[in-house]
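Below is one structure; the comments refer to it alone.
This is a predicted model, so every value here is computed, not measured.
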Amino acid sequence: MSDRDRTALAYVAATAATVVGAVTHRPGLQYVAKPAMMPILAFRTRATGDPTLALGLAAATLGDVAMIEPDDDRRVRLGAACFAVMQSTWSRRLWRTGSRVRPVVAATRAAGWAGGVAIARRRAPGMLPVTATYGGLVATTATLGADGSRDAAVGSTLFLISDALVLARRAGSPRYADALEAAVLVTYAAAQWRLVRGLSEPLRTTGRRSRGRGGTASARDRRRSR
């Protein structure tokens with residue numbers, strides 16, 4: 001088994017243990033498994049040699065720990081602050097790799113953000129500061145991610161879905177809280193996996209990627225070189 005296979009299995013195991021800990025209300029299990037997720041990604045992508053990825057994943061780890069108590073508004077705000085650093089880092093990375101804002105995509109992301117703010121104001125006022133500020137950063141990453149690689153596009157979209165589920169959990173019936181929390185964690189884990197994989201591609205600091213049926217120019221070049 002290769003190192004990549006082992007890290008993939010380790011990530012799935014850490015995610016599964018985190019989900020089980022959440023739905024069975026065993027925070028001790030989460031405190032062991034959840035903080036391991038981002039370091040596994042860091043090892044897989046060799047983030048120790050990349051300050052941008054290292055910073056984003058470190059901030060995400062702190063946010064993961066804070067969000068183990070998803071009904072504590074103070075911890076949610078702390079987690080959002082950590083994830084805000086991460087999202088800002090991801091957006092900067094996407095910009096440096098050539099992603100730009102496309103008006104139609106930006107409009108749809110802004111509409112989703114505005115809808116989330118409206119729901120939070122009416123149904124979950126404790127989530128309003130997080131939705132209004134951190135939600136805007138998520139929308140920015142998703143806007144830039146849509147103009148990036150396929151991994152970046154899928155990962156940033158999954159982030160939007162995961163954060164929408166966080167709001168749905170807080171604004172909805174407690175009867176569905178455990179199911180929604182599981183959905184939040186699964187989509188979050190998948191989002192990080194895909195997005196970090198896309199962000200770990202080599203930086204392109206000049207020019208914009210050309211597009212076509214084969215994807216980005218850099219992606220086609222990599223396929224030809226394999």
**Prompt:** Between Y188 and F159, how do the two ring planes meet: parallel, tilted or perpendicular, split at 30° and 60°?
**Reply:**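 The arrangement is perpendicular - the two ring planes meet at more than 60°.
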Quick check: are there more than 12 heavy atoms from other residues, nucleotides or ligands sitting under 6.0 Å from [atom1] of [X]?
X    : atom1 : answer
Y176 : OH    : no
R92  : CZ    : no
R123 : CZ    : no

List the atom of [X], the atom of [Y], and the distance in Å for their closest heavy-atom pair.
X   : Y   : result
R75 : V65 : NH2-O, 2.8 Å
I40 : T7  : CG2-O, 3.5 Å
L9  : M1  : CD1-CE, 3.5 Å

Donor-acceptor pair, [X] side chain versus [Y] backbone, under 3.5 Å?
X    : Y    : answer
R26  : G21  : no
R44  : R197 : no
T187 : I161 : no
S99  : W95  : no

**Request:** In sequence, state the C-alpha distance, the side-chain angles, and the governing distance for S2 and D5, and then conclude on side-chain hydrogen bond (donor to acceptor under 3.5 Å, both in side chains).
**Result:** CA-CA 5 Å; S2 68; D5 290 337; 3.2 Å; yes
**Message:** Run the side-chain hydrogen bond (donor to acceptor under 3.5 Å, both in side chains) test on S91 and T141 for me, step by step, so that the C-alpha distance in whole Å, both residues' side-chain angles and the decisive distance to 0.1 Å come before the verdict.
**Reply:** CA-CA 5 Å; S91 290; T141 301; 2.8 Å; yes
**Asked** Taking it one step at a time, do T18 and Q30 satisfy side-chain hydrogen bond (donor to acceptor under 3.5 Å, both in side chains)?
**Response** CA-CA 5 Å; T18 299; Q30 291 191 77; over 6 Å; no
**Request:** Using a strict cut-off of less than 4.0 Å between a Lys/Arg side-chain nitrogen and an Asp/Glu carboxylate oxygen, indicate whether R102 and D147 qualify as a salt bridge.
**Result:**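 Result for this pair is yes, salt bridge flagged.
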**Lys/Arg N to Asp/Glu carboxylate O, D71 vs R169, below 4.0 Å** =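 Salt bridge: yes.
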**Request:** Check salt bridge (Lys or Arg N to Asp or Glu O under 4.0 Å) between D72 and all other residues, then give those that pass, not counting sequence neighbours.
**Result:**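 Counting only residues at least two positions away or on another chain, D72 forms no salt bridge (Lys or Arg N to Asp or Glu O under 4.0 Å).
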